[in-house]
Every structure is written in C-alpha cells, then in structure tokens.
Amino acid sequence: MSSVKIECVASEGCRIGESPVWDEKESALVFVDITGRKVCRWSPVTKQVQAIAVDAPVSSVALRKSGDYVITLGTRFAALKWKEQLVTTITQADKDKPNNRFNDGKVDPAGRYFAGTMAEEIRPAVLERHQGSLYTLFSDHSVVKHFDQVDISNGLDWSLDHKTFFYIDSLSYSVDAFDYDLQTGKIGNRRSMYKLEKEESIPDGMCIDTEGKLWVACYNGGRVIRLDPETGKRLQTVKLPVDKTTSCCFGGKDYSEMYVTSASDGMDKDWLSRQPQAGGIFKITGLGVKGVAPYPFAG
C-alpha cells in the first residue's frame with residue numbers, strides 16, 4: 001500500500017515509550033516512558049510534549065470517566081490528576097514480589113482496568129521468568145487476579161462483539177485469545193491465535209481496528225503487523241525506521257491515524273547513531289482503516 005505514510009511526530013528519546021492512548025477531550029496523545037518514569041501528553045496542535053515525573057516505573061495510562069487518568073505505577077494502580085500533577089494510590093498488587101512491576105494495561109468495554117505484571121528486567125527482555133500475573137481493577141477498586149506464571153504481561157484488547165479478550169505474554173511469542181464475559185469480566189479457554197515469525201521478533205503492545213483486525217507492535221522487529229483473529233493469518237506489515245517498536249493505538253479526529261511508541265533502552269551509541277529516532281512517537285496515516293476509541297475506567 002503506497003499511500004502509507006510514517007512520520008516521527010515527537011522525537012522524545014523515550015527510554016521505553018509505551019501505552020499510547022488517544023484523549024479525545026484534550027485532542028492529544030497520552031503515553032508513558034516506563035524507565036524514564038514519566039507520563040507524557042503530545043498535542044498535534046502545538047507539537048509539544050508535556051511530561052509529569054513520577055516516583056516509580058510507570059507502565060500504562062488510561063482515561064478515567066470522572067476525568068484525568070489512571071496509571072500503573074510500580075506495582076500500584078494509581079490515579080493521576082494532570083493539572084495538579086498529583087498521583088494517589090488506588091491499590092497495590094504483587095505485594096509479595098518486591099522485584100516486580102506492572103507492564104501494559106488497558107480498560108475493557110465495561111470500564112474495568114486490566115493490567116499485568118513482570119519481574120524487573122536485567123536487560124531489555126532479560127528477566128526472571130514466570131514472576132508476573134494478570135489483574136483487573138474493578139470500578140469499586142477491588143482487584144481480581146486471573147492467572148500467574150507470566151513472563152512479560154503485554155498487549156491486550158477486546159473483540160468488537162466483546163466476546164473475546166486478546167492478550168500477549170511477550171516471551172511466548174504468541175498472541176492469545178480467551179473467551180470473555182463482559183458482565184463479570186471473567187476470562188477462560190485460552191488458545192494461541194498467532195505465533196510470531198522470527199523476523200517479527202517479540203510481540204509487544206496491541207490494538208484493534210473497526211474491522212475487528214488486530215495490530216501488534218513488534219519489539220526488536222521494527223514493525224507493526226495486522227492480524228486476522230478469525231483465520232490467524234497476518235494481513236499486513238508496516239515497517240518503521242526504529243527497531244524497538246513497543247505499542248500502537250489509533251487516534252486523531254476520526255481515529256484514522258495510528259500512533260506507535262518506541263524505546264531506546266538497550267541500544268549502544270552505534271545503534272542509536274543509525275536510528276536517531278529511537279524512543280520517538282510515530283504517526284502512520286493512509287492505512288485505510290480506523291480504530292476504536294479507548295474505554296475510560298469507570299471507578
């Protein structure tokens with residue numbers, strides 16, 4: 001598709017840029033820099049990034065129905081008031097694992113915040129295995145643990161009919177599907193939907209489009225791939241000018257633009273000189289599909 005255009009809209013040099021979310025109220029892209037310990041907001045009007053520093057690795061951000069944001073911070077679910085730059089803890093997970101932190105998170109169609117944990121990395125994608133779990137924060141601030149033994153809890157989203165939950169545990173090199181009960185938030189019947197090819201490397205963040213197809217950012221693969229969850233086939237590959245693509249979301253006025261975050265952690269001088277935009281935020285236009293607006297946390 002020759003009409004696909006990729007541009008770096010914010011050369012932030014994020015250490016680990018992650019969790020892009022389009023904030024329609026602010027007409028802005030919100031994202032985090034995990035190891036840089038900041039929550040960022042980029043405006044397509046001013047072309048500027050505002051950042052709020054936090055006191056622990058911050059791995060995901062989501063909209064909140066009552067306004068502002070919820071974040072996963074260290075092993076805490078927390079609320080972030082943007083103007084006041086105020087962070088308050090909602091609750092804590094993995095209390096027995098001081099070496100853990102949250103990773104990716106996303107709000108489901110009923111307003112529950114799903115997020116998973118992992119052990120702190122020694123180097124990018126090198127860590128103690130099977131230390132993570134997948135959790136849900138409910139609107140009443142109670143937390144449910146779905147399963148443990150996770151390596152790197154990552155991309156997540158829901159099918160358009162809300163009957164399937166898609167999930168990535170990165171080191172399984174697989175995009176998995178679960179049966180999903182919207183009423184209760186329960187998941188079950190896990191199966192692999194797509195196994196990544198060698199050159200696609202490590203599956204990271206993920207989002208869904210209005211045709212029900214999944215987009216997965218490939219860490220160290222320098223690309224996003226479009227998958228058909230019905231057939232388990234790859235439909236499209238879009239290559240980016242950086243290797244460490246971490247996550248993706250749709251945004252812009254009509255959700256026809258894709259935003260992709262990236263990382264620079266683990267790259268030496270030589271590598272960085274070849275990829276000066278590493279850690280930047282990229283905008284992809286001309287994909288010919290639109291995305292689904294993010295759901296806000298109901299609590």
Side-chain angles (χ1 to χ4, degrees), residues 1 3-4 19-22 104-112 114-116 134 136 146-147 150-219 221-240 245-252 254-260 284-295:
M1 289 172 69
S3 59
V4 173
S19 183
V21 180
W22 186 257
D104 209 351
K106 194 171 277 183
V107 176
D108 83 349
R112 310 174 188 100
F114 277 62
L134 180 69
T136 296
H146 296 282
F147 50 79
V150 175
D151 288 325
I152 301 179
S153 190
N154 234 322
L156 49 180
D157 218 328
W158 290 264
S159 61
L160 301 181
D161 66 4
H162 306 158
K163 288 182 177 163
T164 308
F165 167 59
F166 299 106
Y167 174 72
I168 290 167
D169 179 354
S170 287
L171 298 188
S172 69
Y173 298 91
S174 171
V175 180
D176 290 356
F178 292 78
D179 295 343
Y180 183 66
D181 184 336
L182 187 64
Q183 295 315 112
T184 60
K186 286 202 170 92
I187 60 175
N189 183 28
R190 184 175 190 168
R191 60 255 182 216
S192 176
M193 190 271 291
Y194 179 81
K195 281 278 191 199
L196 273 80
E197 307 282 334
K198 199 171 167 49
E199 73 276 7
E200 290 165 349
S201 206
I202 302 171
D204 202 328
M206 168 167 62
C207 67
I208 198 162
D209 63 32
T210 52
E211 294 174 7
K213 309 297 189 275
L214 293 170
W215 293 82
V216 178
C218 301
Y219 182 82
R223 66 193 70 191
V224 288
I225 54 175
R226 188 180 191 224
L227 307 175
D228 184 340
E230 298 298 311
T231 63
K233 296 266 189 298
R234 182 182 66 237
L235 304 172
Q236 192 179 348
T237 299
V238 180
K239 293 196 174 169
L240 285 95
T245 38
T246 53
S247 191
C248 51
C249 79
F250 284 92
D254 55 358
Y255 291 93
S256 65
E257 303 165 346
M258 176 178 277
Y259 289 92
V260 180
I284 305 175
T285 48
L287 288 171
V289 288
K290 293 179 180 182
V292 178
Y295 304 104

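This is a predicted model, so every value here is computed, not measured.
When the salt bridge (Lys or Arg N to Asp or Glu O under 4.0 Å) test is applied to Lys195, no partner is found at least two apart in sequence or on another chain. Residues that satisfy the side chain to side chain contact (heavy atoms under 4.5 Å, CB included) test with Thr237, not counting sequence neighbours, are Arg223, Ile225, Arg234, Lys239. Scanning for side chain to side chain contact (heavy atoms under 4.5 Å, CB included) contacts around Ser201 gives Asn220, with sequence neighbours left out. When the side chain to side chain donor-acceptor pair (under 3.5 Å) test is applied to Ser19, no partner is found at least two apart in sequence or on another chain. Scored by the side chain to side chain donor-acceptor pair (under 3.5 Å) test, Asp157 finds Lys106 as partners (sequence neighbours excluded). For Tyr259, the ring pair (Phe, Tyr, Trp, His ring centres under 6.0 Å) test picks out Trp22, Trp42, with sequence neighbours left out. Shown here are the side chain to side chain contact (heavy atoms under 4.5 Å, CB included) partners of Lys163, two or more places apart in sequence or in another chain: Asp161. With sequence neighbours excluded, the residues that form a ring pair (Phe, Tyr, Trp, His ring centres under 6.0 Å) with Phe114 are His146, Trp158, Phe165. Under the rule for a salt bridge (Lys or Arg N to Asp or Glu O under 4.0 Å), the partners of Glu211 that lie at least two apart in sequence or sit in another chain are Arg226. For Asp181, there are no salt bridge (Lys or Arg N to Asp or Glu O under 4.0 Å) partners, not counting sequence neighbours. For Tyr180, the side chain to side chain donor-acceptor pair (under 3.5 Å) criterion is met by Asp108, Arg112, not counting sequence neighbours. Scanning for side chain to side chain donor-acceptor pair (under 3.5 Å) contacts around Thr164 gives an empty result, with sequence neighbours left out.
Side-chain contact between Ile202 and Tyr173 is present, with heavy atoms from C-beta onward closer than 4.5 Å. Side-chain contact check for Val224 versus Met258: some heavy-atom pair is nearer than 4.5 Å.
For Ser170 against Pro203, the heavy-atom pair with the smallest separation is OG-O, 2.6 Å.
Atom-to-atom distance recorded for Ile152:CD1 and Leu171:CG is 4.0 Å, nearest 0.5 angstrom.
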